[in-house]
Amino acid sequence: MRLHSLVLKDISRRKTKLGLAVLSVVIAAAAIVAVVTTFSAATDGLYEESNKFGANIIVRPEVTTIPLVAGSTSIGSLSTGENYIEESEIPRIHTIQNNSNLAVVAPRLYGVAELDDSSVVIMGVDPEKEKTLKPWWKIQGHWMAAKTPEKTEVMVGSDIAGPLGLKEGSPITLSQGNISIDAQVAGVIESTGGNEDGYVILPLATSQYLLSKEGKVSSLEVRALCNDCPVEEISRQIEEVFPGLEARSMSQIVETEMAVVEHTESSAMAVSIITLLVSTLTVASTMLASVNEKLKEIGIMRAVGASNRQVVSMLFFEGAIIGIIGGGIGFAIGTAASSIAAPMLVSVSPSPMWEILPAVVGICIVTGMVASIIPAKRALGVDPAEVLRSV
Amino acid sequence: MSDYLETLETSNNPENLSENLLANLIQVKDVTKKYRLGNNEVEVLHGINLEVKAGEFVSIMGQSGSGKTTLMNIIGMLDRPTEGSILIKDIDITKKSQKELVDFRRRTVGFVFQQFHLIPSLTAYENVALPLVFSGDKDNSAVESALERVGLAHRMHHKPVELSGGEQQRVAIARAVVMKPKILLADEPTGALDATTGSMIISLLKSLAGDMTVIMVTHNSELAEYSDRIVYLKDGNVAE
Ligand SMILES: Nc1ncnc2c1ncn2[C@@H]1O[C@H](COP(=O)(O)OP(=O)(O)OP(=O)(O)O)[C@@H](O)[C@H]1O
Ligand SMILES: [Mg+2]
């Protein structure tokens with residue numbers, strides 16, 4: 001028989017009493033596991049979504065840029081000077097090493113044109129490619145077709161459509177210098193809160209004609225497709241292929257959403273940690289009660305040769321066991337809880353995070369041992385001569 | 001087991017006994033003990049002097065409250081005297097630190113109490129094994145021989161509640177001797193037992209004396225007659 005088997009025997013004898021202590025550790029551990037699992041799934045989901053939708057990388061000429069504002073809507077920045085990408089060079093992007101990760105390469109041409117005597121920002125796009133990039137756009141009307149001989153179709157952002165009363169089928173005339181084109185509104189993009197709210201979007205070729213920029217594009221929006229994309233690496237490779245162009249990963253949107261998720265996560269984590277503190281107290285009071293019940297036994301052990309250290313280490317071991325059991329069960333319950341709650345809360349289905357199991361159990365062991373400090377002090381205060389004297 | 005008995009037998013041999021008796025194993029010198037009760041100090045022992053030889057079987061008698069248990073606890077290093085010193089094999093244990101005492105006590109004294117003080121959740125075997133557990137001894141063979149010595153080898157897997165009072169006290173005696181200590185301290189070992197069982201326990205203690213020094217507290221002068229010597233405590237003083 002060893003010291004620890006003595007403790008195990010004692011624990012199994014007092015199962016029901018220690019149950020409360022274990023339960024409180026279970027709750028704290030489950031809360032922590034549920035929070036971590038749910039939010040890491042949410043974060044993963046966010047990245048996945050950002051991979052699925054929208055461009056990850058913007059490629060444009062390396063020039064100084066100035067911020068451009070249309071009305072109250074910021075439309076980002078616009079290249080100054082005559083720096084454009086030659087449309088004919090675009091296919092070279094597929095010579096990069098990570099070519100297989102390039103799902104969509106969408107060319108864009110930005111410019112300013114006159115519409116009903118006011119200036120509007122126009123964006124020329126490849127409608128097919130843009131559609132795959134912006135699956136979340138809701139169009140009142142329909143997606144514009146690529147340039148057709150009979151009529152030119154355009155789409156307008158909600159900030160432009162509203163004031164001008166444009167809707168599907170409205171005819172508009174865009175002009176720039178002495179070039180002008182007649183077009184028909186194919187659809188209005190419902191407000192996304194993004195830059196496109198203030199744009200008139202037209203087929204690339206039409207915009208090139210209108211702006212007299214045949215064969216030129218302002219930027220490329222590249223969607224890289226892969227899990228855990230090495231976006232920075234892909235950007236670097238693109239810059240290598242196109243000297244004079246800069247490729248920037250566009251993780252800003254994701255980062256904003258991430259900030260919201262992280263904020264929520266830290267609140268949830270704070271609650272979990274409070275739970276953990278409460279559970280430390282519960283374990284401490286349960287163990288203190290059990291030490292008080294066992295004063296005589298502790299006295300007997302001291303009388304038959306237990307040292308202070310042995311008495312203390314028995315209690316710490318007991319605390320650690322409570323932590324291990326509580327942490328293990330808590331992990332299972334927390335994982336189960338998050339697999340039920342996460343789909344409702346953050347619409348992702350998390351998978352068990354085995355990698356956090358050791359840390360969770362470790363935290364619970366520490367909790368159990370910290371909780372043992374006061375009971376251990378009490379046990380050390382036991383004077384065997386005194387407790388064994390009382391009948 | 002046989003080793004153990006042999007040592008017992010050889011030391012019960014009168015020649016060895018007289019040789020052993022030459023040495024004072026325990027020397028209690030001017031021991032006083034004061035207890036603090038709130039602001040009052042109560043002196044329970046007033047300068048006790050006592051010498052016990054190796055292998056001796058000594059009974060301590062005295063009225064309730066005369067300080068018998070207090071003296072036993074001090075000799076057994078469960079308690080410290082307020083003044084005076086205790087020498088065991090010429091080592092002054094009052095000068096030892098708490099930490100040093102633990103191991104010394106483990107190997108030097110065994111305790112038997114009136115209330116047996118077995119741990120209820122442990123079997124007889126496990127109770128007897130406790131001192132070995134705490135001393136880090138991995139060889140458990142002494143447990144069985146100790147239980148055989150008290151005639152309870154066949155009950156070793158029973159828990160205290162499944163044993164009679166006399167049997168429980170025999171388990172407690174086995175636990176007290178499992179480390180083969182030089183001193184066995186028994187504080188009213190028969191106090192909770194009927195007369196027949198009590199005298200059985202005393203004969204058991206008597207058979208252990210010789211190899212061990214046995215000091216027994218008892219209120220029963222008949223049982224005290226079994227011992228080599230009776231020491232009377234009266235109001236914290238020795239009145240032999
Ligand atoms: N911790 C303590 N604090 C104060 N007084 C104490 C304490 N322990 C014992 N006493 C007192 O010391 C005196 C001696 O006690 P002790 O237990 O040694 O007597 P005893 O001879 O063993 O008595 P009994 O025959 O009833 O067991 C008693 O008056 C008791 O009340
Ligand atoms: Mg007493």
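Every chain is numbered from 1 and lettered A, B, ... according to where its sequence line falls, protein lines coming before strand lines. The figures that follow rest on heavy atoms only: side chains count, while hydrogens, waters and symmetry mates do not.
Within residues 312-343 of chain A, the residues having any heavy atom under 4.5 Å from a heavy atom of chain B are, by residue number, Met314(A). Residues of residues 2-19 of chain A having a heavy atom under 4.5 Å from any heavy atom of chain B, listed by number: Arg2(A), Leu3(A), Leu6(A), Lys9(A), Arg13(A).
For chain B, the option among Ser307(A), Ala303(A), Gly305(A), Gly299(A) with the highest count of heavy-atom pairs below 4.5 Å is Gly305(A). The candidate from Arg107(B), Arg105(B), Met179(B) with the greatest count of non-hydrogen atom pairs under 4.5 Å with chain A is Arg105(B). Contact count against chain A (heavy-atom pairs under 4.5 Å) is highest for Ser121(B) among Ala176(B), Pro120(B), Pro131(B), Ser121(B).
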Evaluate the criterion side-chain contact (heavy atoms from CB on, under 4.5 Å) for residue pair Met301(A) and Ile119(B); output intermediate values, then yes/no.
CA-CA 9 Å; Met301(A) 292 192 203; Ile119(B) 292 185; 3.7 Å; yes

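In terms of the ring-ring contact (aromatic ring centres under 6.0 Å, His included) criterion, residue partners of Phe111(B) (sequence neighbours excluded) are, by chain and number, Phe113(B).
For Glu100(B), the CD atom is densely surrounded, since the number of other residues' heavy atoms within 6.0 Å is greater than 12. By the neighbour-count criterion of 12 heavy atoms within 6.0 Å, atom NZ of Lys182(B) is sparsely surrounded, having that number or fewer from other residues, nucleotides or ligands.
With values rounded to the nearest 0.5 angstrom, Asn308(A) atom CG is found 6.5 Å from Gln98(B) atom CD. The CD1 atom of Ile300(A) lies 9.0 Å from the CG atom of Leu130(B); values are rounded to the nearest 0.5 Å.
Among pairs with a residue in residues 69-88 of chain B, those fulfilling salt bridge (charged side-chain N to carboxylate O under 4.0 Å, His left out) read Lys33(B)-Asp79(B), Lys34(B)-Glu83(B), at least two apart in sequence or across chains.
For Tyr35(B), the part lying under 4.5 angstrom from a heavy atom of chain A is the side chain only. Using a 4.5 Å cut-off between heavy atoms, Glu297(A) touches chain B through backbone and side chain atoms alike. The part of Leu118(B) that comes within reach of chain A is its backbone (N, CA, C, O), which places non-hydrogen atoms under 4.5 angstrom from that chain. Neither the backbone nor the side chain of Lys99(B) comes within less than 4.5 Å of any heavy atom of chain A.
Counting heavy atoms from C-beta on, the side chains of Asn73(B) and Arg389(A) come closer than 4.5 Å.
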